[in-house]
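In what follows, a structure is listed as structure tokens, so that the remarks can point back to it.
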Amino acid sequence: MTELRRADFGPDFRFGVATSSYQIEGAVNEGGRGPSIWDRFTHTPGKIKGGHTGDVACDHYHRVEEDVALLGWLGVNAYRFSIAWPRVIPTGRGAVNQEGLDFYERLVDSVLARGIAPCVTLYHWDLPDALSGGWLSRETADAFAEYAAVVARRLGDRVALWFTHNEPWCQAFLGYEIGLFAPGHRNLSEALSCAHHLLLSHGLAVPALRAEVRAPIGLAPNFMPAHPATDSELDVRAARRLDGYFNRWFLEPVLGRGYPEDMLSLYGAHMPAVTSAEFETIAAPIDVLGVNYYERAVIAHDDAGGTLSIRRIDDTGLPRTADREIYPPGLAEVLRRLHFEYRVPSLVISENGAAYPDVLGGDGNVHDSARVDFFHNHLQEVLSVRREGVPVHGYFAWSLMDNFEWSEGYGMRYGIVHVDFETQKRTPKDSAHFYRKLLTLPATAP
Ligand code: FCB
């Protein structure tokens, strides 16, 4: 394994870790926070493995100082976290809860005090439950822009990077079509309506932020290369549909291209009414695109495979993490495409990471060598595309610590720091030591 050196990435490269509010904070009834759709969903029997909830999670709300100290120990120069909308505006719209803003202000200041750049995601799926209609209502898009402005007014002078949305595909399709995420609906028309309102809310929030801040603004969708199972015309077209469904659906409107035509004809009557004025709003210029990358998909044509007529091939023969195939070249493929095909001016890998069934060893450590290899091999890909001239300016490992992994509960561990959910003890895994070594060792051997 060739040794990576931090200096190879250039002096300004952001090396960070990422988390999200509902996955780590806990304290769901404290500090004036209102309920979110995830509180409701996790408390609905049968929705989450083991009946787990985010009520306590990593108890980060009470352990901010300890967790920020961990960031300092790691040597990262950036930290990506999300703000819980229901902490800031408990009913989604209207009265602002200053105590919620105080919490994030303390976090931002303490991160800054260690020389770490705070990078904010405004929406990582914890929608205030009080917003009636949720993302099916256009008013939620307006409410989001108001919330964005409230946060920017308090923190805008200190935050280094803004993302409006995290993975809108998950919110729209896992939340409204597949039912795996809150609010747990199963209806394609609803998913498309949600997607449209998410895009609108992004387009409304960008100028609202711009009026208050000078830092770069973007969003952080997830990208997944879609490869045909064979080179048959049918499979190639099937893979293209998955690409439209997953990757192009959010990217192209944001970049001013509107919705992909091939998908519009496939969705037909499921599409909500959309106007050209809305597309102008959605296409508000962004400065940076976050890229969440975990996996690729190998796709075959299948007449029985739902609206898209596709089937995903899981057994590709490649090694897997606890939940997916490992495919580092897919990250380079995504980054190249975003730059060479879509001309995105600046890219940041806003999430990349792997789950393994980690156990604390007898020596009190977690020897997650497969995760070390995972990070090493993906960082190698980042380096090679940078050398090809692709403007990648940062990398955030998912995640700082094990946390509430949505419908998987606490069983799926993505952290580089192990969390004992009984005692809340944090133990850096070997992958954390690997990252720290990369980030803190001198560029050249003495
Ligand atoms: C991403 C999510 C993040 C986490 C990782 C494993 O899709 O953005 O919250 O669940 O996957």
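Both ligands and their constituent atoms are indexed starting at 1 by order of listing.
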- Message: Quick check for you: to the nearest 0.5 Å, what is the distance between F163 atom CZ and L161 atom CG?
- Response: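 Rounded to the nearest 0.5 Å, the CZ-CG separation comes out at 4.0 Å.
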- Message: Checking a contact table here: which protein heavy atom is nearest atom 3 (C) of ligand 1, and how many Å away?
- Response: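 I find the closest protein heavy atom is E351 OE1, 3.4 Å.
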- Starting from atom 7 (O) of ligand 1, locate the nearest protein heavy atom and write down its residue, its atom name and how far away it is, to 0.1 Å. E167 OE1, 2.5 Å
- Message: Under a 4.0 angstrom heavy-atom cut-off, which atoms of ligand 1 come close to N166?
- Response: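 Taking each heavy atom of N166 in turn, ligand 1 has 8 (O) under 4.0 Å.
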- Subset of ligand 1 atoms that lie under 4.0 Å from at least one heavy atom of Q23: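 With Q23 as reference, the close atoms of ligand 1 come out as 3 (C), 4 (C), 9 (O), 10 (O).
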- Under 3.5 Å, N or O to N or O, is N222 touching ligand 1 that way?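 No; the residue has no nitrogen or oxygen that sits under 3.5 Å from a nitrogen or oxygen of the ligand.
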- Query: Looking only at distance, does W398 have an N or O less than 3.5 Å from an N or O of ligand 1?
  - Reply: no
- Nearest option to atom 5 (C) of ligand 1, as decided by whichever heavy atom of W125, W406, Y294, Y414 sits closest: Y294
- Query: If you measure from each heavy atom of H124 to ligand 1, is any distance below 4.0 Å?
  - Reply: yes
- Item | T42 side chain to Y22 side chain, donor-acceptor N/O pair below 3.5 angstrom |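 The answer is yes; a qualifying pair exists.
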- Query: Is the F15-F9 ring centre distance short of 6.0 angstrom?
  - Reply: yes
- Query: If we only count heavy atoms from C-beta on, is the R371 to D358 side-chain gap below 4.5 Å?
  - Reply: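 Answer yes - side chains close enough.
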- Query: Taking R80 for the side chain and S350 for the main chain, is one N or O donor matched with an acceptor at less than 3.5 Å?
  - Reply: yes
- Message: Would the distance check show the side chain of Y435 and the main-chain N or O of I416 forming a donor-acceptor pair, the cut-off being under 3.5 Å?
- Response: no
